[in-house]
Amino acid sequence: MPTDTNPAGDIFGGWLVSQMDLAAGTAAAFRAQGRCVTVAIDSFIFHEPVIVGDEVSIYTKIVQTGRSSMVIHVETWRRARNTKDRRKVTQGKFTFVALDENRKPRPLPPEDGFDMVTA
């Protein structure tokens with residue numbers, strides 16, 4: 001939306017980072033089966049701007065897990081309005097930690113294949 005743009009008419013980078021953090025947080029909470037927090041954002045790259053009116057799609061993949069942590073690769077793609085042209089605009093790695101009811105790190109539960117796509 002226009003309120004999310006910089007003076008050049010491109011979407012604010014911070015808005016895009018926040019959307020990516022929300023997507024990664026959803027994947028993290030699903031894998032951890034509970035509350036998680038962002039503890040780091042590494043290797044963030046902006047490839048090109050997002051323009052007002054673009055459709056934005058965000059994809060996540062858990063690429064590493066530790067005792068209580070997860071590293072999630074996040075990519076954002078844009079599709080220009082009224083076209084089929086899709087282009088990757090950002091990517092980054094977000095690290096999350098699973099928390100218990102006292103907001104302390106807790107072990108991740110065993111994997112249950114949640115990230116497998118089935119038809």
Side-chain angles (χ1 to χ4, degrees):
M1 296 303 297
T3 57
D4 298 317
T5 63
N6 62 29
D10 302 327
I11 298 299
F12 280 125
W15 180 86
L16 206 48
V17 172
S18 71
Q19 299 307 302
M20 293 171 73
D21 189 47
L22 287 168
T26 298
F30 195 78
R31 169 62 181 87
Q33 298 174 14
R35 185 178 177 155
C36 297
V37 293
T38 310
V39 296
I41 299 174
D42 299 310
S43 69
F44 201 91
I45 300 169
F46 289 97
H47 297 287
E48 62 181 66
V50 174
I51 311 301
V52 171
D54 285 351
E55 175 186 273
V56 174
S57 300
I58 301 173
Y59 302 94
T60 64
K61 180 176 180 158
I62 297 173
V63 294
Q64 182 181 347
T65 58
R67 189 183 82 76
S68 63
S69 65
M70 297 156 275
V71 177
I72 302 172
H73 177 79
V74 184
E75 291 184 358
T76 303
W77 290 70
R78 68 178 274 261
R79 184 183 59 80
R81 181 177 272 186
N82 302 322
T83 74
K84 293 182 180 181
D85 182 38
R86 293 180 64 236
R87 299 174 63 93
K88 182 165 50 171
V89 292
T90 62
Q91 66 185 48
K93 290 197 176 163
F94 291 65
T95 302
F96 282 79
V97 170
L99 298 181
D100 65 17
E101 61 279 352
N102 297 311
R103 299 183 177 179
K104 301 292 182 197
R106 66 172 170 85
L108 293 173
E111 280 193 75
D112 63 0
F114 82 95
D115 62 347
M116 298 178 64
V117 177
T118 57

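These values consider heavy atoms only, across backbone and side chains, with no hydrogens, waters or symmetry-generated copies.
- Taken from CG in Leu108 to OG1 in Thr65, the straight-line distance is 6.5 Å, to the nearest 0.5 Å.
- Contact between Val97 and Ser69 at its shortest, heavy atoms only, is CG2-CB, 4.1 Å.
- Ile11 and Trp77 are members of different hydrophobic clusters when ILVMFWY side chains are connected at heavy-atom separations under 4.5 Å.
- Between the CZ atom of Arg106 and the SG atom of Cys36 there is a distance of 6.0 Å, given to the nearest 0.5 Å.
- Distance CD1/Ile62 to CZ/Phe30: 10.0 Å, rounded to 0.5 Å.
- Tracing side-chain contacts under 4.5 Å through hydrophobic residues (I, L, V, M, F, W, Y), one never reaches Ile51 starting from Val89; they form parts of separate clusters.
- Ile41 and Tyr59 fall into different hydrophobic clusters, where Ile, Leu, Val, Met, Phe, Trp and Tyr side chains are chained together by heavy-atom contacts under 4.5 Å.
- A continuous path of ILVMFWY side-chain contacts below 4.5 Å connects Phe94 to Val56, so both sit in one hydrophobic cluster.
- A donor-acceptor distance shorter than 3.5 angstrom exists from the side chain of Thr26 to the backbone of Leu22, with no hydrogens or angles considered.
- Leu16 contributes atom CG, which lies 11.5 Å from atom CZ of Arg78 (distance to the nearest 0.5 angstrom).
- Residue Arg87 places its CZ atom among 12 or fewer non-hydrogen atoms of other residues, nucleotides or ligands, all under 6.0 Å distant.
- The heavy-atom pair separating Thr60 from Ala27 by the smallest distance is OG1-CB, 3.6 Å.
- With rounding to the nearest 0.5 Å, the separation of OG1 in Thr38 from CD1 in Ile72 is 8.5 Å.
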Go through the steps to decide whether Thr76 and Gln19 satisfy the test side chain to side chain contact (heavy atoms under 4.5 Å, CB included), and finish with yes or no. CA-CA 9 Å; Thr76 303; Gln19 299 307 302; over 6 Å; no

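- Residues Ala32 and Met70 share a closest heavy-atom pair of CB-CE, 4.1 Å.
- Annotation for Arg81: atom CZ does not count as buried by contact number, only 12 or fewer foreign heavy atoms lying within 6.0 Å.
- The nearest pair of heavy atoms linking Arg67 to Pro105 is NH2-O, 4.3 Å.
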Tell me, with the steps shown, if Arg31 and Glu111 meet side chain to side chain contact (heavy atoms under 4.5 Å, CB included). CA-CA 7 Å; Arg31 169 62 181 87; Glu111 280 193 75; 3.1 Å; yes

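- Side chain of Asn6 to main chain of Ala8: a donor-acceptor pair is present (N/O by atom type, distance under 3.5 Å, no hydrogens or angles).
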Should Val17 and Phe46 be marked as a side chain to side chain contact (heavy atoms under 4.5 Å, CB included) after you check the CA-CA gap, both sets of side-chain angles, and the distance that decides it? CA-CA 10 Å; Val17 172; Phe46 289 97; 4.1 Å; yes

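- Between Val37 and Arg35 the shortest heavy-atom distance is CG1-NE, 4.5 Å.
- Here the straight-line distance linking atom CZ of Phe12 with atom CG of Asp4 works out to 8.0 Å at 0.5 Å rounding.
- Hydrophobic clustering of Ile, Leu, Val, Met, Phe, Trp and Tyr side chains at less than 4.5 Å, counting indirect connections, keeps Leu99 apart from Phe96.
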